[in-house]
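Quick note: numbers below take in every heavy atom, side chains included, and nothing from hydrogens, waters or symmetry partners.
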Amino acid sequence: MPPLILALLLSIHVAFAAIPQVDFDRMGKVGLAGAFAGLDIFTNSSITFDPATATLLSRAQDGSLTRVASTNSGGSILAGCPLGGVFYLAGDFTSIDSIPASNIASYNPSSGAITAVGSNGPNGQINALFCDAKEKKLWAGGSFSSPGSSIAIYDPPSNSWSSPPFVGVSGAQAQITSITTNSSESSLFFTGSFVTAFGNGNAVLNGTNNPNVPFSAGASPFSSSLVPVPLQNAQVDGAPSSSQAGFGDIKNILCPAGPDGSGNTWLAADNSSPLITVRAFSFISANGIRIGNTFQANHGTTGFTVTTIPDNTVRTLKYLDPTTGQNQTCSNPCPLSTDSSILYQDFLFDGPVAITGVQIKLASFTGDGPGLHILQLLSSGAFASSIADNNVQSCFAPNPSNTTQTGQWIAKVAKTDIPGTVQTVLASTVAVGTPAASGPLFTWIPYVSAAGNYDINLLVPGCVNLQDCALRTSVKVTVFPGEGLAPFITTVSQQNQNDVTTLLYSGPILPSSPNFVTTITMALADAPTGTGQNGQYEIVADRVQLVLTSAITTSDSTNGSSSTAGLARGFGFLEWPRTSTSVDSSVDGRKFFPNTTLTSLDTLAFNVLSGLGGVTALTSPSLALNAAAHHPSGIFVGGAFSLTSGSASGSSNIVAFKNGALAAMADGGLNGEVTAMVLNGDQLFVGGAFTDTTSGSTQGKLSGIALYNVQQNTWSALGAGVNGVVESIGLLNGQIQIAGNFTKLLSSSSDSGSDAAGFGTWDIKSGSWVNSGGFVVGKMTFVGNGTSSQFIAGKVAASRKFGATGLVMLKNGNEDGPQIAPLSIGLSASVSPSASTSLRRRSALPSPGAWISHMKFSHIFARQSTTSQPTPLSAPLSASAPAVLVGIFWTNSTSSKEVVILGGNFTFTGTGSSSVSEAVAIYDPDSSTIHGLVGPQINGTVRALYVDDNSLYVGGEFTIAGASVNGLALYDLSKNEWNLNGLQSLQPSSGSTVVGRSISKSTSKPTTLIVAGSFAQAGSLRCQGICSFDTSSKQWNALGNGIQGEVAHVVYAGTDQATLIAAGSIALSDNTAANVAQFSFENATWTAVGSGADIPGPLSAIEINNGNSSSLFAAGKSSDGSTAFLTAWNGVKWSTLGSSFDQGTTVAQLTMVPLQSTHTANGIIEPDRVLMISGSLSTSSGNSSSALYDGQTLIPYIISTSASGTSGSVSSLFHSFKSFSFNRRKFLATGVVILISIAISAGVVFLLALIGILWTLFSRKEEKLNKFDGTDDEDDDSTHHRPSSLLEHINAATRTTILGGSPYNYNTEKEEKTRAETDPFAPGPDASNYVRADTPSDAVGGLLAEETSRPAHARYSFDGTGEGELPISAGAEVDVLDDRDPAWWYARDVRTGQEGVVPAAYLY
């Protein structure tokens, strides 16, 4: 080994070196490809992630991630929001980065400080935070008891906690899951699992069930409280009827005036199965039937069935068995008691149903035939109509329902939702601007038979049927439920297009009595909505419906009456004014809210509780409302629930609240829990644990995330969702961010999808999943916006600053590293997987010092012996999908746009396409679009790409369906089609597989393509490992006598690239082991580069230093495959550079890159550049993907991670400039430039004066010489040696000035002695960093006469554009004719015969 290299290696020290600033911009556009999902620039810090903790990450505008802090083990972060330049994070934890903090902490992005938030904060888990910038308050909700019950408020200025103005909430699971604002940001919405109660909590209701209804053991207190529907105006038929006098009229049994007998009983014809049909031809809300048997001699009914009209459904009925007292169900038939002590039995539906009538079949009887004494249709509780004729007195009722009105009301007829029926309503017009007190009033006075808990509904006909939409407005409805109970006031919109049922009140109602009646009064709203038509509003009065939810059954011990609190209850939702933050001692939400705090939206909670089945249905611990979103059209609430009754009956997990009532969403909602919602205009993004709508309308495409169009009432998919659960949703910069427990983002056409473990981003504009910018692997629980950045949190297993599936674009940055722009499109796993090479998985990033290579000279590799059979190449770099292995830039001749063509092992769905493409992608970084190749797709892995004009050459290990292709293919980019005609395929050796590893071209051979890799022949031509392809004729040609073995990579030497250098596992045709061989295009011969014995094993990568064939770097593995190595060629010898690479290292690429600054000079690599080593680099302390080598120190540069969190790899760095200069351009300051300009001007003046002087002197000399005889000169025996060119004069003069002495005063003896004592490998006189002798004359002695010549070779290329200079190419053979000048030698090019001077340092 040359002494200089030895000295350098022995001087290397183990210490951290600052990351060099690579000058990527000098290379044009630069891409970095590999098998990774996330990567980062190495920094001098160690970052660890423990998935047992919860970690908060900040997300910059470009999506890059930075760790902020982590909780204690077992902790969780569930919520966060910014306030006053501070970000608050909350959940369930005891510390953050070892700083004690109970469930909530603050993070200051400016200082990076983490602090606890006050003292005596929430003593339990916090699920939701709301930062109120207007009031400068922080609201927290969750599951805790102090300082408030499930809700607390923090005041930053005073650093103190307090309970909310209403103390808190209770009931059910007593927890808050979300806190948001309404659309006007005037109030807060709380959702969760809790019960609200409004009204007078101190009032006691006294009453009994209907005293006018005769008792029967076949009825319950509930059923006997239901007011029968008056059927006097209905069509009632019974056939066949008995001909017996007094028993043939079916109407006798609707409300019998006396006991069972003539005139009060109906008998059917003997031995018949009669049908009784009841038709009202109008809307009926019915809850069941009341039926009483006849006990006339030889007559009685034993079984019957009930079919409702118009749905023609045989109903399943519930009844109380009078003999056992147990609740029973029946259908076809239902039994009817023949016990004469049972006056009647009540048979109920599952709940109130909207019907127009019933048909009852008496299926079985006793004696001669069936018969009945009582038949009534039971209402849902009580009722009142605006039309007086409909308010007929019910059976057993002392008086009918009633109405009163002020103003002018006219009748209007409207269709109903029930086919074949119409409904008459009253309407009144009022001038726009009329005060509510001066407008019309309408009051319903329903007859209520018994005390109980009721839902009072207002039926509002749709404006479309009445054709009065423009006139509609909103009304104020006041409910007086009973004596001692405060009224309930609700504002109801009547602008609904279709019929709606609006819940007005839910709570206790007292029965009608001479002293009190329940009233529902409707008036114009205080602030009417809408603009009216022709200066008029219209309000409509239809019906009110009282639905009994529970009867009063607890008897007072003294008087047998029942009592209950006068409260209206709701579930899971509460609205509270945002400005009301002061504590009011008179309000305790754990008990009840006074009616003064009730808002029109609180009825949402009443409706939900009613739809769930009342308080008794709140038994499931998972039952909750988790999120709310307020749209101008209404409120959307999502959670875990299923509604079984009410206007949105059948809805699951998500429902809308519009026009004062719940409204079912398309397809019945979703089939799993909803956890989060975000509104973007009319787009409602919903996340949770669902896979489809309740009806299954999307075939499973709504997995975890869905989009609901509010205006169109339709669901649509985001791709095909994710393969798990979404816990949180964010909205930033036109993109939706989701966090949860999933690993893939599913595309609409592929079940595999792209990897995204816990975090994903959907671009709203393009309608596709896009790169999130950063990389994280974990079970994420939160995403939310900060002041200047976004934050995500969860159980993080691994994270990198940047996330990308296999590609990032690099540009110059700052001292922290380059600017990184990740691939904006997610790539998926290929359908043709490739084997992977395992590396040791690190548990943490190592410290930088441990990464630096020792590079000890004492590290000796096993030498490769000469053999006739080259050792096979080591396994290539892992290509586990998705992996990008190669990239190249191409300028589209049509659009003049420069794009990136990628190759590897991956699949993807192109932008705007539904088809899946494989292995090759065309990516436009500017528009973030990606497209595949048209036509049959590649089946395999692409490892090499080359673009020649519009022709794309693809190499690797693959086939194409329907084509004779093996490892090499040609695609016409201008025609978007494969161009395979005439392309003879590569052929493997026996038992091997074709692998195209390298495709390249020399600038000296514009129509010759060099294809290299693992193959035996091309078509029928034998050309093992490397072959040339004529692009014009599509013919294969061998390179000289060829080589043996496999080629991993090819580079070119010389300015005209006239020499090809191949590396791999190579032997020459004469079996000489080489592993690095060069081919001369000029003489078509192969020669070994140095001795193959000096290279420890097969090579996987090679790089030439700026075309200099005497400065090569190669990497590979030892012959036994156990150790990776790096070796360098200095023009004389291969020298292995020791390293700390461990087993498992694979070097995929070596490339020389320019620097923005310089490193310390050494004899291996010039100060203005470094060698970038890429692949999968394993050391004793961990793994990296790229490192920079400056000739002395190995500096870790890129760290990457796979989608699963294991180590990733880098395959290649590629750039758009085919050539670039390593020389840095330096620009002087303006002042210096001015001074130089002045100096130049002065110099020009001086030069002109000098020319004048010289002209005068030469003129005089010529005159003087003419006077001498010419023979005098011929007698002079002195010898004059003139330099070969003017440059030599200048150089010699310069050296004389610096070193002293005459440039032509040679002492041969002294020179030889001096040169014999000089180290031939010492640095040259120009202090360059090249490993070379000063000049050949220093090593072997100067020539004694000009006539004598000696052979030499060009170490570097020299352009020779100056006067008298000789242009040469690196490696060219020359004859040195004069080497007496130490800087410039006179030489002859053996090939051309041309002579001239060349730099002495360029020859050896």
Side-chain angles (χ1 to χ4, degrees), residues 199-216 219-230 255 285-288 290 344 346 348 352 376-385 390-404 443-458 478-488 503-521 543-569 610 614:
N200 185 352
N202 299 315
V204 176
L205 298 183
N206 293 308
T208 62
N209 64 341
N210 191 342
N212 296 311
V213 178
F215 174 80
S216 172
S220 66
F222 180 89
S223 66
S224 60
S225 299
L226 303 175
V227 175
V229 176
C255 192
S285 178
N287 212 356
R290 175 170 294 157
Y344 58 86
D346 290 342
L348 304 182
Q376 295 170 358
L377 189 60
L378 299 178
S379 71
S380 57
F383 47 86
S385 172
N390 293 337
N391 292 324
V392 180
Q393 185 173 351
S394 299
C395 189
F396 307 132
N399 52 267
S401 297
N402 199 3
T403 62
T404 63
T443 301
W444 291 268
I445 309 171
Y447 168 73
V448 180
S449 68
N453 290 304
Y454 291 82
D455 288 342
I456 300 181
N457 297 320
L458 176 68
T478 304
V479 176
F480 286 90
E483 187 176 6
L485 297 177
F488 263 60
L503 180 67
L504 302 176
Y505 168 84
S506 181
I509 295 290
L510 286 177
S512 300
S513 69
N515 298 322
F516 176 82
V517 291
T518 297
T519 61
I520 301 98
T521 300
R543 288 153 291 164
V544 292
Q545 176 190 78
L546 282 70
V547 179
L548 180 67
T549 58
S550 63
I552 297 174
T553 57
T554 303
S555 299
D556 186 278
S557 58
T558 58
N559 57 17
S561 64
S562 303
S563 65
T564 185
L567 298 173
R569 300 184 184 275
S610 175

Worksheet item: Yes or no on side chain to side chain donor-acceptor pair (under 3.5 Å) for S506 and D455, after CA distance, side-chain angles and deciding distance?
Response: CA-CA 4 Å; S506 181; D455 288 342; 2.6 Å; yes
Practice prompt. Rounded to the nearest 0.5 Å, what's the gap from CG on L378 to CG on L348? Could you check?
Written response: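 The CG atom of L348 is 6.5 Å from CG of L378, to the nearest 0.5 Å.
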Worksheet item: For V229, what residues pass the side-chain contact (heavy atoms from CB on, under 4.5 Å) criterion, not counting sequence neighbours?
Response: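 Once residues adjacent in sequence are excluded, the partners of V229 under the side-chain contact (heavy atoms from CB on, under 4.5 Å) criterion are L231, I284, L377, S379.
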Worksheet item: Who pairs with A382 by side-chain contact (heavy atoms from CB on, under 4.5 Å), at least two apart in sequence or on another chain?
Response: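 With sequence neighbours excluded, A382 shows a side-chain contact (heavy atoms from CB on, under 4.5 Å) to V227, V448, L546, given in chain and number order.
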Quick one: does [X]'s side chain have a donor or acceptor within less than 3.5 Å of a partner on [Y]'s backbone?
| X | Y | result |
| --- | --- | --- |
| Y505 | I520 | no |
| S449 | S225 | yes |
| S512 | Y447 | no |

Practice prompt. May I have the step-by-step check of side-chain contact (heavy atoms from CB on, under 4.5 Å) for F396 and Q376, ending in yes or no?
Written response: CA-CA 11 Å; F396 307 132; Q376 295 170 358; 3.4 Å; yes
Discussion item. Is there a side-chain contact (heavy atoms from CB on, under 4.5 Å) between N402 and V517? Walk through the geometry before answering.
Written reply: CA-CA 10 Å; N402 199 3; V517 291; over 6 Å; no
Worksheet item: Looking just at side-chain N and O atoms, do T549 and N453 make a donor-acceptor pair shorter than 3.5 Å?
Response: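 Side-chain D/A pair, T549 to N453: absent.
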With sequence neighbours excluded, residues passing side chain to side chain donor-acceptor pair (under 3.5 Å) with [X]:
| X | value |
| --- | --- |
| S285 | S380, Q545 |
| T443 | T521 |
| S223 | S220, D346 |

Worksheet item: Which heavy atom of I509 sits nearest a heavy atom of I456, and at what distance?
Response: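 Nearest pair, atom of I509 first, then I456: CD1-CD1, 3.7 Å.
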Worksheet item: So which heavy atom on Y344 is nearest to which on R290, and how close?
Response: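 Heavy-atom minimum between the residues: CE1-NE, 3.4 Å.
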Discussion item. Between N287 and L548, is the side-chain contact (heavy atoms from CB on, under 4.5 Å) condition met? List the steps.
Written reply: CA-CA 10 Å; N287 212 356; L548 180 67; 5.9 Å; no
Worksheet item: Looking at side-chain heavy atoms only, is the closest gap between F383 and P446 below 4.5 Å?
Response: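 No, too far: nothing below the 4.5 Å cut-off.
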Worksheet item: Given the rule in the side-chain contact (heavy atoms from CB on, under 4.5 Å) test, do Y454 and T518 qualify, once you have shown the distances and angles that lead to the verdict?
Response: CA-CA 12 Å; Y454 291 82; T518 297; over 6 Å; no
